[in-house]
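All remarks here apply to the structure that follows.
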Number of protein chains: 2
Amino acid sequence: MSKKSNLPQPTNAELEILQILWKAGPSTVRFVNEQLSEQQEKEIRYTTTLKLMQIMTEKKLLSRNTDTRTHIYLAEAVQGDTQKALLKRFVDATFQGSAMSLVMQALGNHETSQQELDEIKALIEKIEKR
Amino acid sequence: MSKKSNLPQPTNAELEILQILWKAGPSTVRFVNEQLSEQQEKEIRYTTTLKLMQIMTEKKLLSRNTDTRTHIYLAEAVQGDTQKALLKRFVDATFQGSAMSLVMQALGNHETSQQELDEIKALIEKIEKR
DNA sequence: TTGCATTTACGAAACTTTTCGTATATTATT
DNA sequence: AATAATATACGAAAAGTTTCGTAAATGCAA
């Protein structure tokens, strides 16, 4: 049984921060801010990032260790769960709930390598077996 | 060669209107407004829908026939193209560009019927053949 | 033709999300 | 100890999206 985490869904800007924390693990505001600025190739003010991360902490998307002066932030939202929830919302809005339409669209449009196709085939087999 | 339509990506509210027009074909504001109100099971003011559709016309997402007093609106954004573009944006933001992660996620989490699985297998075969 | 209902036009309020500036506190440097 | 650098707190501006109210035009009905 997985814990039902009733976290609010992150906004776009919040999601970008989560991606960084998921990838890098617990980090400081400064680090996250640098990563963000790099990605958008445009300087983002330090306090902008700070504010966002404070809001996210309020929303429980993040937690932080305040023992040291420089706080260390940690993603509380789980990557898989979050992606799943966002995917559902997106599919509902864009493909009117038909996950299959989306998969077909993704497979059809995307340059899919043989290896990736094999992975999917393997997954399908696994699903069929259960 | 498909015409490269450089339309802005629709917002959520705009997407809902597009869905209705894609499904029903050219329609009046009143019809769209009724459909919307039904979907959200909450009355949406007529002028709200009107305003949105006017904005969308400005953005070229829609066009309209103004010969009669009651204008008839038509979706200019093509469903497939729009879904494709939105999908790309979503995959970039949520799965960091990995369409495969998304497909795996969608297949894994979704209750997928045998028939749907067969469809996917058929599609994969088609892709492998080309 | 007079008035009633419906439509469009349009500005602006209401909300949400994002960005930033300033004040204040803490730590490091000279 | 004084100064500089860096951190957090916080309010509010800025920007984007959605909703609505009012006015003016148009067509229909009494």
Side-chain angles (χ1 to χ4, degrees), chain A residues 7-20 26-74 77 82 86 89-90 93-94, chain B residues 7-20 26-74 77 82 86 89-90 93-94:
Chain A
L7 298 177
Q9 302 204 344
T11 65
N12 281 343
E14 289 172 349
L15 186 56
E16 276 171 4
I17 289 174
L18 280 175
Q19 304 275 21
I20 291 169
S27 310
T28 63
V29 173
R30 180 147 306 277
F31 174 79
V32 170
N33 180 246
E34 277 161 6
Q35 296 290 308
L36 277 180
S37 298
E38 236 173 80
Q39 285 176 19
Q40 350 263 118
E41 38 195 86
K42 170 210 167 193
E43 212 243 328
I44 287 156
R45 287 273 188 282
Y46 177 87
T47 52
T48 300
T49 304
L50 171 65
K51 178 68 169 185
L52 266 174
M53 292 175 76
Q54 285 171 341
I55 291 173
M56 291 171 77
T57 302
E58 190 117 334
K59 292 186 186 175
K60 312 284 190 191
L61 290 171
L62 308 182
S63 63
R64 64 179 174 179
N65 182 323
T66 59
D67 290 348
T68 52
R69 175 163 100 103
T70 303
H71 299 350
I72 306 290
Y73 287 79
L74 174 74
T82 304
L86 290 173
R89 190 172 63 175
F90 176 75
T94 309
Chain B
L7 299 176
Q9 302 205 344
T11 65
N12 282 341
E14 289 172 350
L15 185 57
E16 276 171 5
I17 289 175
L18 281 175
Q19 304 276 21
I20 291 169
S27 311
T28 63
V29 173
R30 178 145 311 276
F31 174 78
V32 171
N33 182 61
E34 278 161 6
Q35 297 289 309
L36 277 182
S37 298
E38 236 173 80
Q39 282 176 23
Q40 350 264 117
E41 38 195 86
K42 169 208 169 194
E43 213 242 328
I44 287 157
R45 288 274 188 278
Y46 177 87
T47 52
T48 298
T49 304
L50 171 66
K51 179 68 167 184
L52 266 174
M53 292 175 76
Q54 285 171 340
I55 292 172
M56 291 171 77
T57 302
E58 191 117 333
K59 292 186 187 175
K60 310 284 191 193
L61 290 171
L62 308 182
S63 63
R64 62 178 176 179
N65 182 324
T66 58
D67 291 348
T68 51
R69 175 164 100 101
T70 302
H71 300 349
I72 306 290
Y73 286 79
L74 176 73
T82 305
L86 290 173
R89 188 172 64 176
F90 176 75
T94 309

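Every heavy atom of this structure was used, including side-chain atoms; hydrogens, water molecules and symmetry mates were not. Chain letters run A, B, ... following the sequence lines, proteins first, then strands; residues in each count from 1.
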Worksheet item: How long is the line joining CG of B/Leu50 and P of C/dA9, in whole Å?
Response: 7 Å
Fill in: Listed partners of B/Asn12 passing side-chain contact (heavy atoms from CB on, under 4.5 Å), at least two apart
none
Distance-only criterion, 3.5 Å: show the donor-acceptor pairs between side-chain atoms of residues 46-54 of chain A and protein atoms not counting sequence neighbours.
residue, atom, partner, partner atom, Å
A/Thr49, OG1, A/Asn33, ND2, 2.6

Worksheet, complete the sentence: Terminal axes of the helix from C/dT1-D/dA30 to C/dT30-D/dA1 (5 end pairs apiece), angle rounded to 10 degrees, sit apart by 20°
Response to the item:
CE of A/Met56 to OG1 of A/Thr11, rounded to nearest 0.5 Å, is 7.5 Å
Worksheet item: Who are the side-chain contact (heavy atoms from CB on, under 4.5 Å) partners of A/Thr82, not counting sequence neighbours?
Response: A/Pro10, A/Trp22, A/Ala77, A/Leu86
Discussion item. Nearest whole Å is fine: how far is C/dT16 C1' from A/Gln9 CD?
Written reply: 15 Å
Fill in: Where chain A begins and ends its contact with DNA chain D, read 5' to 3' at 4.0 Å from heavy atoms
D/dT6 to D/dA12
Worksheet item: From A/Ile44 CD1 over to A/Gln35 CD, what is the distance, rounded to the nearest 0.5 angstrom?
Response: 11.5 Å
Practice prompt. List in chain and number order the residues that pass side-chain contact (heavy atoms from CB on, under 4.5 Å) with B/Thr57, two or more places apart in sequence or in another chain; answer none if no residue qualifies.
Written response: B/Leu62, B/Arg64, B/Tyr73
Worksheet item: Can you name the residues that form a salt bridge (charged side-chain N to carboxylate O under 4.0 Å, His left out) with A/Glu16, not counting sequence neighbours?
Response: none
Discussion item. Applying a 4.0 Å non-hydrogen cut-off, can you work out what A/Thr11 is touching in the nucleic acid: base, sugar-phosphate, or nothing?
Written reply: sugar-phosphate
Worksheet item: Taking atom NE2 of A/His71 and atom OG1 of A/Thr28, what is their separation to the nearest 0.5 Å?
Response: 11.5 Å
Worksheet, complete the sentence: salt bridge (charged side-chain N to carboxylate O under 4.0 Å, His left out) filter on A/Lys59, not counting sequence neighbours, yields A/Glu14
Fill in: Any A/Arg30 side-chain heavy atom under 4.5 Å of A/Thr70 side chain
no
Response to the item:
Among C/dA9, C/dT19, C/dA5, the one nearest any side-chain atom of A/Thr48 is C/dT19
Discussion item. I'd like to check the side-chain hydrogen bond (donor to acceptor under 3.5 Å, both in side chains) partners of B/Thr94; sequence neighbours left out, ordered by chain and number.
Written reply: none
Item to complete: Not counting sequence neighbours, which residues clear salt bridge (charged side-chain N to carboxylate O under 4.0 Å, His left out) with B/Arg45? List them please.
Response: B/Glu43
Discussion item. Please determine whether side-chain contact (heavy atoms from CB on, under 4.5 Å) holds for the pair B/Leu36 and B/Ile20, giving the CA-CA distance in whole Å, both sets of side-chain angles, and the decisive distance to 0.1 Å.
Written reply: CA-CA 8 Å; B/Leu36 277 182; B/Ile20 291 169; 3.7 Å; yes
Worksheet entry | Residues in contact with DNA chain D, drawn from residues 26-47 of chain B - heavy-atom cutoff 4.0 Å | B/Arg45, B/Thr47
Item to complete: May I ask you to list the residues of residues 51-65 of chain A, by number, that have any heavy atom positioned under 4.0 Å from an atom of DNA chain D?
Response: A/Lys51, A/Gln54, A/Arg64
